[in-house]
Every structure is written in structure tokens, then in C-alpha cells.
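Residue numbering restarts at 1 for every chain, and letters A, B, ... go by the order of the sequence lines.
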Amino acid sequence: MCPTRRWESGVPELPEVETMRRGIASAVGMRIDQAVLPQGRLRPLSTTPSPGLLAKQLRGCVIEGTERYGKRIALRLSMSAGDRQKEDRWLVIEPRMTGLLLVSVPPTQEHVRLRLSGPTPAITSHELLFWDRRGLGTLRLVNAKGLEEICGEARLGPDALMISCECFRERLCGSARAVKVALLDQHAVAGIGNLYAAEMLFLAGIDPRVRCQQISRPRWKRLHEVMQAVLHEAIELEGSTLSDATYRTALNEPGRYQARHRVYARNGQPCQQCGTVVRRIVQAQRSTFFCPKCQRR
DNA sequence: CGTTCAACCTGGGCGC
DNA sequence: TGCGCCCAGGTTGAAC
């Protein structure tokens, strides 16, 4: 395998989505005066028949708060005063591969603002933008029951940042699957994607091919610790941006956790800990990166 | 139960 | 220089 090949993606996983959620805090308390949705994008709008209707339903709603469920963001919306009899709704945003949430940046002395059109979205004041280059992301407007159906525990496992060590182990330890594959299962634990799975397994010293059943209790404890440490550190550094075409913060800036990557996309390069060449294998049709010496069965 | 595969997409890398 | 194929990965759903 050519070591120079760039396995760069940098898609929104838990740290990136949490950074987006924190980044749009300025929109909380604001009313949606107008929603403009592109026609023919944002594919599976299962609970909202068309972008036009969704735009109509959003108009007048007040953004009351933001929540995150794994890799999804839910904006809690209340109806405007005239519609007070209606129940709260949630706009559930799933960025998937290339979805971005951006807020307008109040102009300051340091900014030169050029309003342009083209491949990047033009940002104007007091706007919240969802921009998705590849159009795989989804927006769904649901009530409390709908939120439970798509983000509840029947659908998503406990959030990786919140889950206790015991619960984490119990949900995974009986599985015959390779631990790397199991970590990506959002029904088991929500929020982990391909990049952070590789990083946490490296730090825990666990071979990604080991079956969950074969992992000892102390190693589950270690994995749980490094999982939460990695996710917290990645949130502090506002996520990972591996090429300028992918993830950005809500202020359209790159994340900084990529400087901390130990194995992801480093195949062919020496392990920073032992010098062994980092390997790339494929598990469940996804790239897995690991150090064959530091990570043991 | 677990896995494999295809589909949804675009843009960058690479072979020819 | 350029055409066309391959590939990244989150999620779903079907087939085995």
C-alpha cells in the first residue's frame, strides 16, 4: 500500500458535532424569521415532505436550546406566541459526511467581509447555515415522540461521553465482533466514528482485531478511560480537520486535534511511541490504522 | 447473531 | 493535459 496515499476525511464525529453545538450557542433565544432550504438536496426528509414545507414550518419558531445525541444535533424549537397550543418540536440535524453548521460572525475591526457566491457559503449577519457539500446530511423536524424514535435509547446507545465504565463494558463485552467494528456501532455506544476509534484503541494498547469477548475487565476500564479522555481533548481542540474541504467549526475555522493523531491516516509512517510502521487494514469496509507493536491482542 | 454489500454523494488522487 | 476510475465514511436496509 502506497504510504503517501492520503486517507484524509475528517468527518463529524462526537467531538466535531459537540463543537458545532457549542458554536451555535449564539443562536439560542433567537427567532427564525425565514428559512431558506435548497430544493432537491437534504434527501431523506421522511417526516417533512418537502424542503418548502419544512421552511414554512420553521418560520416563526424560537430556538430554545441545543442538544446532542451521538453525532446528531437537535435544536429545541418552540412555536411563536400565536401558536402556543402547539407542542415543542426538535430540528434534528445529522451532518453525516460533510454537513456543516455555521453561524454568522459579527463584524469587528479585524474582519474584512467580502460577500461572495460560489462553492463556499456566503455568510451574512444573524444567520445559521447548514451547508453540506455532498448532500448526504439530513434535517428532520419532529415532535417529542419522533425525537425519542430517532435519538432515543432504542435507536442510539448511551452517549460515549456520558456512559459509565460498567455500562460501556456490559454493552460491548458479549459481542463476538472485532472491538474496532463494535465501537462504531451507534446502537451500542453513540458518537464514535472511524477516526476516534483508531485513536482510542491505540492509546488503550488494544489490537483493533480483538473480539470484544476476549477483552479483560481491566482493559475495558482502560479503554473507557482513554475513550473519554480522547473525546474531551478533541472537543477542547475543536475537532479534527484533515483537509480544507471537510469539517470546520461554526466560525468556519479548522479544528486542531489532527496534530494529536497517533495512527489515523499515518500508515507507512513510524509509530511515534515505538518506531514500528503504522499499518492500515480494512474492517467492515472501513480503513483501520494501528501500530502492530503497541497494540496487543 | 453477525457479516457483507449496495446506495446515497462529491472532489481529490492516481493510472493510463 | 485529461478522461475516468477509485476511494474516503455515517447511516440504512437487504441479503445471506
Side-chain angles (χ1 to χ4, degrees), chain A residues 1-18 20 38-47 51 68-74 92-101 118-121 130-140 142 146 149-152 154-157 159-160 171-199 208-214 231 239-248 255 258 261 263-268 280-289:
Chain A
M1 186 54 63
C2 175
T4 61
R5 177 72 164 85
R6 286 151 54 113
W7 303 101
E8 298 195 350
S9 59
V11 307
E13 301 181 27
L14 187 153
E16 288 75 22
V17 176
E18 176 62 15
M20 291 181 195
Q39 297 292 322
R41 309 261 305 185
L42 307 174
R43 281 178 317 102
L45 296 162
S46 51
T47 59
R68 182 184 54 75
Y69 300 93
K71 303 172 191 174
R72 300 166 188 184
I73 289 175
V92 179
I93 301 164
E94 210 174 325
R96 302 245 179 138
M97 310 300 291
T98 52
L100 294 179
L101 265 183
T120 54
F130 179 71
W131 181 54
D132 188 355
R133 177 163 59 79
R134 283 164 64 177
L136 295 175
T138 65
L139 299 185
R140 286 177 283 187
V142 298
E149 280 170 11
I150 61 178
C151 294
R155 200 78 181 168
L156 293 179
D159 194 83
R171 292 185 73 94
L172 293 171
C173 72
S175 171
R177 304 140 98 188
V179 60
K180 156 68 167 23
V181 176
L183 285 173
L184 297 182
D185 182 354
Q186 303 300 300
H187 304 280
V189 182
I192 301 167
N194 208 39
L195 192 158
Y196 293 100
E199 294 299 313
R209 297 165 293 187
V210 180
R211 292 173 184 271
C212 290
Q213 293 166 335
Q214 295 169 326
L231 296 174
S240 300
T241 299
L242 281 168
S243 73
D244 58 14
T246 57
Y247 161 77
R248 319 283 287 178
Q258 60 277 10
H261 292 176
V263 288
Y264 185 80
R266 293 181 50 88
N267 50 315
R280 171 186 176 266
I281 59 174
V282 174
Q283 293 178 287
Q285 283 86 255
R286 316 260 182 106
S287 292
T288 296
F289 304 93

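Judged as a salt bridge (charged side-chain N to carboxylate O under 4.0 Å, His left out), and not counting sequence neighbours, A:Glu13 has no contacts. Residues passing the side chain to side chain contact (heavy atoms under 4.5 Å, CB included) test with A:Ala176, sequence neighbours excluded: A:Arg211, A:Gln213.
The shortest distance between side-chain heavy atoms of A:Leu242 and A:His261 falls below 4.5 Å. Side-chain contact between A:Leu139 and A:Phe130 is present, with heavy atoms from C-beta onward closer than 4.5 Å. Side-chain contact between A:Glu94 and A:Arg140 is present, with heavy atoms from C-beta onward closer than 4.5 Å.
When the P atom of C:dG10 is taken as reference, atom CE of A:Met20 falls 12 Å away, rounded to whole Å. When the P atom of B:dC8 is taken as reference, atom CZ of A:Arg133 falls 18 Å away, rounded to whole Å. The NE2-P distance, from A:His261 to C:dA8, rounds to 17 Å in whole Å. As rounded to whole Å, 15 Å separates atom P of B:dG12 from atom CG of A:Leu242. Straight-line distance from the OH atom of A:Tyr247 to the C1' atom of C:dA8: 18 Å, rounded to whole Å.
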Do any N or O atoms of the protein come closer than 3.5 Å to N or O atoms of nucleotides 11-14 of chain C, and which pairs are they?
{"unit_1": "C:dT11", "atom_1": "OP2", "unit_2": "A:Lys71", "atom_2": "NZ", "d": "3.4"}
{"unit_1": "C:dT12", "atom_1": "OP1", "unit_2": "A:Arg72", "atom_2": "NH2", "d": "3.4"}

Close N or O pairs between protein and nucleotides 1-4 of chain B (under 3.5 Å):
{"unit_1": "B:dT3", "atom_1": "OP2", "unit_2": "A:Arg177", "atom_2": "NE", "d": "3.4"}

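Shown here for A:Ala188 and A:Leu172, the closest heavy-atom pair between the two residues is CB-CD2, 3.7 Å. Counting all heavy atoms, side chain and backbone alike, A:Pro95 lies closest to A:Met20 at CG-SD, 4.2 Å.
End-to-end axis angle of the helix from B:dG2-C:dC16 to B:dC16-C:dG2, from C1' rotation axes over five pairs per end: 60° (rounded to 10 degrees).
Close to B:dT10, at under 4.0 Å from its OP1 or OP2, lies no side-chain N or O of A:Thr98. A:Arg280 has a side-chain polar atom (N or O) that falls below the 4.0 Å cut-off from OP1 or OP2 of C:dA8.
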#### Entry: Stepwise side chain to side chain donor-acceptor pair (under 3.5 Å) check, A:Ser240 with A:Gln258
CA-CA 5 Å; A:Ser240 300; A:Gln258 60 277 10; 4.7 Å; no
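Pairs of residues two or more places apart, or lying in two chains, that qualify as salt bridge (Lys or Arg N to Asp or Glu O under 4.0 Å) and include a residue from residues 174-198 of chain A are A:Arg177-A:Asp185.
Between the A:Arg171 side chain and the A:His187 main chain, a donor and an acceptor come within less than 3.5 Å of each other. When atom types are taken as modelled, the side chain of A:Thr241 and the backbone of A:Gly255 share a donor-acceptor pair closer than 3.5 angstrom.
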